[in-house]
Amino acid sequence: MKAETEKEKVSKETILEQLNWRYATKSYDKTRKISDENLTVLENALILAPSSFGIQPYKFIVVTNQELKEKLRPAAWGQPQITDSSHLIIFAYKKTLTDADIEHYVDRIAKVRGVSRETLADYENVMKGSAQKAVEGGYIETWNSRQVYIALGFLLETAALLGIDATPMEGFDVAQFNEILGLEDYSAVALAAVGYRDAENDWLASLPKVRFPKDELIVRI
């Protein structure tokens with residue numbers, strides 16, 4: 001425990017400095033690419049994001065192929081971030097949850113934690129019951145898609161701490177994206193372009209960040 005408390009952490013100043021530095025980049029430098037090392041960190045941040053029960057009902061599609069990005073751009077109203085950023089990350093949620101999905105996750109828990117599946121039976125039944133209720137109640141897609149946005153938040157902050165620009169996006173035709181990507185059991189719900197800003201050609205780069213005062217948004221009780 002002592003070692004954990006003494007473990008070096010990112011400073012408060014660095015966190016706030018980088019969060020103030022980031023913005024939804026509009027213009028990317030086409031010539032700059034994210035290193036494989038930093039891309040791996042971003043991908044791991046997505047994997048480490050929390051989800052309800054830890055089920056992770058989603059996939060993250062990291063698009064590196066320029067031809068594919070060019071094909072996707074018209075389905076995102078022609079927004080240049082799609083093609084000009086280093087990578088495009090597509091957040092897709094699973095359209096349903098089945099007993100098989102829960103069993104697959106329980107298998108993973110047993111393997112990673114070195115415990116028998118029998119000891120997880122009660123937890124498995126709770127998850128199956130919750131999933132069934134969501135499916136029958138017609139809100140399973142809402143539930144699963146909300147988990148994706150937690151991962152999006154993890155990506156945005158991790159990118160900022162690495163000095164990497166990111167643009168969260170919902171402006172795209174979901175049906176067209178799903179068709180182009182061949183998504184059937186999953187559906188795209190959000191995008192994130194990541195890379196490095198072209199500050200000289202981005203009208204938003206030099207403008208101050210606009211947020212309401214803390215006393216309008218934060219309530220301590």
Side-chain angles (χ1 to χ4, degrees), residues 8-49 58-92 145 148-174 176-177 180-181 188-218:
E8 184 177 353
K9 299 178 177 65
V10 179
S11 72
K12 297 183 290 294
E13 292 78 14
T14 295
I15 293 172
L16 293 179
E17 179 182 351
Q18 290 309 108
L19 289 181
N20 274 292
W21 168 84
R22 72 149 302 277
Y23 70 103
T25 304
K26 304 303 180 187
S27 180
Y28 280 90
D29 184 343
K30 301 177 186 179
T31 67
R32 295 189 66 189
K33 299 297 181 183
I34 297 171
S35 69
D36 289 341
E37 181 180 12
N38 280 340
L39 181 60
T40 297
V41 174
L42 294 178
E43 291 174 339
N44 285 334
L46 293 172
I47 293 169
L48 291 169
Y58 41 58
K59 284 188 183 296
F60 309 109
I61 303 166
V62 181
V63 182
T64 59
N65 184 285
Q66 190 62 29
E67 289 184 6
L68 180 54
K69 291 200 289 183
E70 295 286 351
K71 190 175 181 179
L72 290 168
R73 180 169 170 172
W77 324 132
Q79 296 177 86
Q81 300 97 313
I82 300 294
T83 53
D84 297 352
S85 60
S86 174
H87 295 74
L88 176 67
I89 301 175
I90 299 162
F91 293 73
S145 64
V148 178
Y149 283 90
I150 300 173
L152 176 59
F154 265 53
L155 175 80
L156 296 178
E157 181 157 10
T158 301
L161 291 172
L162 290 172
I164 294 172
D165 288 290
T167 310
M169 307 170 72
E170 289 185 314
F172 66 99
D173 187 305
V174 171
Q176 288 188 51
F177 262 66
I180 292 170
L181 297 167
V189 68
L191 315 174
V194 291
Y196 298 96
R197 67 188 68 176
D198 178 5
E200 292 184 3
N201 294 299
D202 193 333
W203 63 272
L204 195 55
S206 62
L207 298 179
K209 189 183 295 293
V210 178
R211 296 292 187 271
F212 288 115
K214 183 184 291 186
D215 60 6
E216 286 191 37
L217 299 179
I218 305 293

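Quick caveat: nothing in here was measured; it's all calculated off a predicted structure.
Judged as a side-chain contact (heavy atoms from CB on, under 4.5 Å), and not counting sequence neighbours, the contacts of Glu200 are Asp198. The side-chain hydrogen bond (donor to acceptor under 3.5 Å, both in side chains) check on Asp84 picks up nothing, with sequence neighbours excluded. Evaluation of the side-chain contact (heavy atoms from CB on, under 4.5 Å) rule for Thr83 yields Gln66, Lys69, Glu70, Arg73 as partners, not counting sequence neighbours. Legend: residues meeting side-chain hydrogen bond (donor to acceptor under 3.5 Å, both in side chains) with Asn38, ordered by chain and number and at least two apart, are absent. Pro208 meets the side-chain contact (heavy atoms from CB on, under 4.5 Å) test with no other residue; sequence neighbours excluded.
Taking CG from Leu46 and CG from Leu155, the interatomic distance works out to 5.0 Å, rounded to the nearest 0.5 Å. Here Lys33 contributes atom NZ and Ser85 contributes atom OG; the two are 7.5 Å apart, rounded to the nearest 0.5 Å. Atom CD of Glu43 sits about 7.0 Å away from atom CD1 of Ile89, to the nearest 0.5 Å. Distance check: Leu217 CG to Lys214 NZ gives 10.5 Å after rounding to the nearest 0.5 Å.
For Thr64 against His87, the heavy-atom pair with the smallest separation is CG2-CD2, 3.2 Å. Taking all atoms of both residues into account, the shortest heavy-atom contact from Glu157 to Ile15 is OE2-CG2, 3.8 Å. Closest non-hydrogen pair, Ser27 versus Asp202, comes out as N-OD2, 3.0 Å. Minimum heavy-atom separation, Leu152 to Ala190: CD2-CB, 4.4 Å.
The environment of Asn65 atom CG is dense: over 12 non-hydrogen atoms of other residues, nucleotides or ligands sit within 6.0 angstrom.
Proximity of Val194 to Leu39: side-chain heavy atoms (C-beta onward) are nowhere separated by under 4.5 Å. No side-chain heavy atom of Tyr23 sits less than 4.5 Å from a side-chain heavy atom of Leu207. Phe177 places a side-chain heavy atom less than 4.5 Å from the side chain of Leu191.
Looking at Lys26, its side chain never comes within 3.5 Å of a backbone N or O of Ala205 through a donor-acceptor pair.
Leu88 pairs in a side chain to side chain contact (heavy atoms under 4.5 Å, CB included) with only one of the listed residues (Ile61, Val63, Leu68), which is Val63.
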Side chains of residues 158-173: which donor-acceptor pairs under 3.5 Å do they make with residues two or more places apart or in other chains?
| from | atom 1 | to | atom 2 | distance (Å) |
| --- | --- | --- | --- | --- |
| Thr158 | OG1 | Phe154 | O | 2.8 |
| Asp165 | OD1 | Thr25 | OG1 | 3.3 |
| Asp165 | OD1 | Arg197 | NE | 2.8 |
| Asp165 | OD1 | Arg197 | NH2 | 2.7 |
| Asp165 | OD2 | Arg197 | N | 2.8 |
| Asp165 | OD2 | Arg197 | NE | 3.1 |
| Thr167 | OG1 | Thr25 | N | 3.3 |
| Thr167 | OG1 | Thr25 | O | 2.6 |
| Thr167 | OG1 | Tyr28 | OH | 2.7 |
| Glu170 | OE2 | Tyr149 | OH | 2.4 |
| Asp173 | OD1 | Ala175 | N | 3.1 |
| Asp173 | OD1 | Gln176 | N | 2.9 |
| Asp173 | OD2 | Gln176 | NE2 | 3.2 |

